Amino acid sequence: MGGSGEVGATWAVVAAAGTGERLGIDRPKAFAALGGRPLLAESLDRLDRCELIDAIVVAAPPEWEEPSILLAEELAASKVVACVTGGAKRAQSVAAALAEVPEEALVVLVHDAARPLVDDAMVQRLLALLGEGYDGAVPVLPVADTLKRVRDGVVVETVDREDLVAAQTPQAFLAPALRRAFAGDLTGATDCASLVERAGGRVAVVAGDPRLLKVTTPADLALVESWL
Ligand code: CTP
Ligand code: MG
């Protein structure tokens, strides 16, 4: 682990604390094997090598803090300055990691370990939008399927998908806006942008990347592995 004492402007938070229920293996999803190393290694490696990022905090699954630190050391990911224990929900894991980000940080990029194929170009595009006056920037993809609202097994509405998109990570935020958002109620938040929006922040979008697929099932893992 690094920790030179000098605080950089741009921090990354990696949410890796989920159990991976739907993947269904004997360990947390962040430690599922991808290309011969833990899934978490891919994002850590990529974010550590990204010149736009100064420091990284990892939210690890309970009891997997030590393996997470060892992984960062093995990767020589020297920007990883802290590894905290995640919470019951994603937002709580991010909150725990955010508590390790110093007041002086200007920008926080929050990323899911479950999306291993993060790249510099995406980080660059997101940070550029923050420079244009937005509180947050998120990658989004158009929704392909027809969307329906269902109650008790019956369709009550077909939703107009014209202006609907699917949000990915990484998501970039001005640090004060993200902190304000996390000072409020975290219930029901499945991404960070929703909290910033709820707090009145302006969140812009960039074109998402299909390769930023979130690994959820074994089939997803195989697909991402084929893209490595
Ligand atoms: N996450 C987290 N803390 C939690 C839950 C999720 O840090 N309490 C992270 C996961 O590690 C993942 C990301 O948030 O990188 C997206 O969550 P998801 O894909 O749902 O992962 P899991 O919750 O682990 O998977 P599942 O829902 O199948 O259990
Ligand atoms: Mg989950």
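Atoms within a ligand are numbered from 1 in the order they appear, just like the ligands themselves. Not measured: the values here are computed from a predicted model.
Every atom of ligand 1 is numbered from 1 in the order shown, and the set under 4.0 Å from a heavy atom of A88 is 8 (N). Each of the following atoms of ligand 1 lies closer than 4.0 Å to a heavy atom of R22: 20 (O), 26 (P), 27 (O), 28 (O).
Counting only heavy atoms of the protein, atom 29 (O) of ligand 1 lies nearest to E21 N, 2.7 Å. Among protein heavy atoms, atom 9 (C) of ligand 1 sits closest to A15 O, 3.6 Å. Of all protein heavy atoms, the one lying nearest to atom 18 (P) of ligand 1 is K29 NZ, 3.6 Å. Shortest contact from atom 13 (C) of ligand 1 to any protein heavy atom: D112 OD1, 3.3 Å. Counting only heavy atoms of the protein, atom 23 (O) of ligand 1 lies nearest to G18 CA, 4.0 Å.
Residue-level proximity to ligand 1 for S93 is carried by the side chain, the only part with a heavy atom below 4.0 angstrom. Heavy atoms of K214 found under 4.0 angstrom from ligand 1 belong exclusively to the side chain.
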From CA spacing to verdict: side-chain contact (heavy atoms from CB on, under 4.5 Å), T158, L147: CA-CA 6 Å; T158 294; L147 299 175; over 6 Å; no
side-chain contact (heavy atoms from CB on, under 4.5 Å) between L117 and L228, worked out: CA-CA 8 Å; L117 301 185; L228 271 182; 3.7 Å; yes
Derivation and outcome, side-chain contact (heavy atoms from CB on, under 4.5 Å), residues V156 and V150: CA-CA 6 Å; V156 291; V150 175; over 6 Å; no
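For atom 8 (N) of ligand 1, the nearest non-hydrogen atom from the set G86, A17, G87, P62 belongs to G87.
Note on R37 versus E42: salt bridge recorded, some NZ/NE/NH1/NH2 to OD/OE distance being below 4.0 Å.
Minimum heavy-atom separation, A105 to A175: O-CB, 3.3 Å.
Using a 4.0 Å heavy-atom cutoff, A30 is absent from the residues neighbouring ligand 1. Residue contacts with ligand 1 include G20, since one or more of its heavy atoms lies under 4.0 Å from the ligand. Using 4.0 Å as the threshold, T19 has a heavy atom nearer than that to some atom of ligand 1.
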Considering only distance and modelled atom types, tabulate donor-acceptor pairs under 3.5 Å from the side chains of residues 88-96, sequence neighbours left out.
unit_1 : atom_1 : unit_2 : atom_2 : d
R90    : NE     : D112   : OD1    : 2.8
R90    : NH2    : D112   : OD1    : 2.9
Q92    : OE1    : A88    : N      : 3.2
Q92    : OE1    : K89    : N      : 3.0
S93    : OG     : G87    : N      : 2.9
S93    : OG     : K89    : O      : 3.4

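Under the 4.5 Å side-chain heavy-atom criterion for ILVMFWY residues, a single connected hydrophobic cluster contains both V118 and L52.
Between the side chains of D191 and Q171, at least one donor-acceptor pair of N or O atoms lies under 3.5 Å.
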